[in-house]
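No hydrogens, no waters, no symmetry mates; every other heavy atom, side chains included, goes into these values. First the proteins, then the strands, lettered A, B, ... as listed; each starts at 1.
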Amino acid sequence: MTGLVWTALALPLAGAVLLAVLGTRLPARGAGWLASLVMLAAFACSAIATVMLATRPHEERAVVQTAWTWLTAGSFQVGLDIWFDELTAVMLLVVTGIGFLIHVYSIGYMKGDEQERRFFAYLNLFVFSMLLLVVAGDLVLLLAGWGLVGLSSYLLIGFWHQKPSAIKAAKKAFVMNAIGDVGLALGIFLLFIELGTTAYQGVFAGAASLDSWTATAAALLLLVGALAKSAQLPLHTWLPDAMEGPTPVSALIHAATMVTAGVYLIARMNPLFHAAPYALETIVVIGVLGLLMAGAIALVQTDIKRIIAFSTMSQIAYMFVGVGLGAYWAGIFHLFTHAFFKALLFMGAGIVIHALHGEQDVRNMGGLRSVMPKTYFCMLIGALALVGIFPLSGGFSKDAILSSALEVGTPLAWVAYIGGLVGALLTGIYTFRLMFLVFHRRMSPYAEAVAPKAVKHHGEGPSSMLWPVYILTLGAAVVGFLQIPGLTHVFFDWLEPIAPAGMVEPSAVQEWLTTLIAVSIGVAGIAIAGHLYLRENDAPERMRLGRGRLIDHALEHRLYWDDLYEVAFERPAQWLAAFLRRDVDRPVAGWLPTDGLGTLTAFLGRSISVIENGVVRSYALVIALGVAGLLLALLVRAA
Amino acid sequence: MGIVVFFLAAFLAIVSALAVVSQRNPFVSALGLLGNLVSLATLMLLLDAQFVAAAQVIVYAGAIMVMFLFVIAYVGPRGEIGPGTRKPWQVVLAVVAGLLVVTQIVLVVWTTDFGKPSSIDDAFGGPGAVGQAFVTDYLLAFEGVSVILFMAAVAGVILGAGARPKRLTTDQVLAKEGEAEARRRAASRAAIEAAREAEPGEAR
Amino acid sequence: MSVGLPFYLSVSAILFAIGLVGVLLRRSPLTTLLSLEVMLNSVNLTLVAFSRQVGGSDGQVFALVVMGIAAAEVVVGLGLVVAMTRREMVLDTDELRSMSG
């Protein structure tokens with residue numbers, strides 16, 4: 001069984017290496033198929049491993065296996081451990097399954113791009129990193145996966161590196177994630193100092209013995225990592241910009257998998273978070289604020305992908321609320337269903353963008369329903385699932401989170417409950433604003449000029465793009481049935497063992513009640529969206545939320561977070577640099593025959609580069625003198 | 001008896017090593033290395049390392065030296081190069097480095113008490129004992145060496161058997177060597193003139 | 001007087017230094033390679049001597065590994081010499097300086 005997990009982990013890496021090594025010897029088409037085949041094989045391995053795990057008795061399900069110990073320093077050891085249990089299995093299935101579909105989709109989407117091979121190599125590298133992250137059995141290994149995921153995300157956001165905006169977005173994502181990595185690393189250091197180990201087993205066993213301050217500090221530091229990776233307040237600003245990457249990347253990384261890593265981390269580390277109730281409350285607060293804020297911002301965005309990106313942020317905030325309330329299963333359940341419908345929405349948006357030759361502004365769309373009926377239907381299912389309309393998947397998982405808040409019943413949980421319901425209203429509005437602007441209304445002149453012709457020539461898209469969307473549509477419609485309140489308990493039962501301290505489970509009555517309220521609110525949201533955006537005579541300028549200019553301005557500028565960071569960090573840094581150059585560098589280094597430290601360094605470098613003369617013998621001489629010098633130093637020390 | 005053999009072998013080893021580095025003709029150098037190898041094998045025999053001594057003779061003398069001699073014969077007189085621009089400071093620094101290494105090691109070696117050599121059984125140094133260690137504890141190293149040897153073989157073939165470049169005429173070869181020679185002369189002339197300019201008192 | 005470990009180590013050090021000076025001063029790649037062999041051999045002697053002192057086979061195994069690596073190094077080195085000859089290049093290591101910084 002672990003062999004299969006290892007295989008699933010190794011396959012994407014092998015795929016990435018193979019694609020990189022073969023390079024142009026591989027036909028461009030072949031690269032996509034190779035990468036997709038690798039993913040299919042990895043998915044098969046994960047599925048079989050999951051089935052094998054399911055046949056085991058409950059208490060034998062968490063499997064740890066050490067391939068070898070790769071870091072040893074005194075009593076500190078890090079093994080190449082994998083940890084395979086129910087939670088890992090869910091993540092494995094999501095990453096490889098959705099990943100496979102998105103790989104296939106990319107074959108059609110990236111067709112004709114000059115750099116297809118590079119794209120698929122990066123994509124496989126990403127899947128490897130993500131799998132490493134989820135199967136790691138040791139925090140250090142998790143950190144390695146965490147960092148690699150950030151790297152591959154950086155590479156993929158900046159994939160079209162001829163676009164300055166893409167480079168900027170990639171850099172931003174990387175820096176934001178680096179902040180999170182630092183937090184995560186510090187948290188791991190703290191745990192190591194306190195517990196003497198970074199292996200999951202040791203950490204879980206020792207978490208209860210930590211005093212509450214240490215546990216809270218460690219949990220909050222880990223949370224910083226989770227916030228950055230999952231694009232939650234206040235480290236969220238990179239996610240909307242990350243939409244500069246190709247759309248399959250947005251679907252895979254910035255909707256289905258990588259951004260959910262934070263939720264995974266919290267659910268995985270639940271014994272630690274259980275010992276740190278303040279950290280859990282922080283998560284809930286951040287989650288509620290995030291889901292409201294992102295939902296509100298999504299109302300006024302005009303870029304189709306950014307609308308979905310803010311929606312992603314909002315939905316992940318729901319997951320944070322879920323895990324923060326102690327309903328880890330509900331958070332992961334929402335992660336699971338969200339992977340389906342959000343990937344679906346992104347891929348549908350990708351088909352639309354494709355048909356419109358790269359246009360992403362919703363004001364230049366409209367009326368595409370008649371031109372692209374298949375895409376419309378699939379995206380409609382996705383949108384309804386996102387809003388949480390019964391009986392599609394998103395509703396079950398979101399209501400599970402909200403009703404867990406009812407079950408917890410603390411004042412904070414009530415805040416989360418109300419906030420979540422308001423969020424559901426916002427979800428209904430922004431989702432159907434998107435649907436109405438893109439598919440209903442009258443066609444914009446641009447869409448009218450482009451879309452019918454494109455569809456007439458190529459259909460709605462190549463079958464490699466349409467079939468994954470169909471499969472995801474089916475998934476988005478039915479995966480919620482895994483957990484029908486009062487009827488099926490598959491998801492809860494499956495994940496129950498991962499939390500030794502128990503998980504919050506709402507009663508069926510609470511769930512049905514919440515579903516009733518949430519669905520009504522969602523429908524109300526759709527109605528509001530219809531009222532605002534379906535009337536044909538509205539000029540595009542009126543596609544606003546309300547009448548208050550201030551609110552609109554604030555939302556359009558994403559509540560000024562970017563500006564805040566610019567004022568708080570960028571400007572001071574630039575000012576400091578200018579100050580150092582003007583008032584420190586020049587006066588201090590000015591008396592030198594050079595201009596400032598930079599030139600001094602260059603001058604020194606040039607002087608020293610004289611010994612770099614290319615003559616092997618003189619290099620050898622330096623080595624020999626170095627050896628003699630080292631020996632001398634050792635002798636002197638010994639004497 | 002052991003003492004006599006030791007000193008004889010050590011003396012021969014040092015003399016032959018000096019021959020390796022000092023002879024201009026690479027053929028003589030190679031023969032010096034051969035003598036060095038045999039003397040070292042003798043020393044290893046004194047140290048009860050029969051297998052390594054045998055391998056030393058067979059692998060080095062039998063294979064590596066043959067390869068050397070082949071290449072030296074192939075290269076021919078071009079393997080010799082005349083005295084060039086070896087600068088005095090280079091010689092001084094090289095000798096200093098060498099002397100430093102020797103004196104330091106000798107100093108350490110003679111001031112350290114290593115204790116008595118451990119007792120050994122008959123199997124020590126035989127192919128059995130060495131082979132046992134090789135395929136158990138050092139299996140990874142063993143495989144690593146075989147991989148490296150394989151890569152070296154491939155590299156050797158590629159380096160040696162690539163398409164022959166366009167052959168230059170003898171004149172061109174001579175011109176090339178002449179260029180190198182001229183560069184060297186120019187460099188030393190520049191050095192001499194720089195030195196003269198540094199001492200303005202000296203009359204032209 | 002019995003010949004102990006220090007004797008062997010001293011011989012090894014002297015050989016090593018001779019080889020080192022050869023590498024540092026000779027310009028012909030062939031002689032440089034031969035000098036390198038002297039250095040490697042001197043190290044082999046050290047390994048074998050310590051192996052005898054300690055009474056384990058480990059040092060001898062290392063000596064054999066060194067021989068293997070030396071063989072590989074010679075193959076590549078001589079391959080380069082042959083390639084240089086075939087390209088009618090001057091066999092002088094000081095002339096090979098296109099990698100200078």
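Environment of CZ in C/F62: sparse, with no more than 12 heavy atoms of neighbouring residues, nucleotides or ligands closer than 6.0 Å. Around CD of A/Q201, the count of heavy atoms belonging to other residues, nucleotides or ligands within 6.0 Å does not exceed 12. Crowding of A/K168 atom NZ: a count of heavy atoms from other residues, nucleotides or ligands under 6.0 Å not exceeding 12.
Shortest non-hydrogen contact noted between A/R617 and C/R26 is CD-O, 3.2 Å. C/L24 and A/A620 get closest at one heavy-atom pair: CD2-C, 3.4 Å.
Contacts between residues 13-20 of chain C and chain A, counted as heavy-atom pairs separated by less than 4.5 Å, involve C/L20.
By the salt bridge (Lys or Arg N to Asp or Glu O under 4.0 Å) test, C/R52 pairs with B/D48, sequence neighbours left out.
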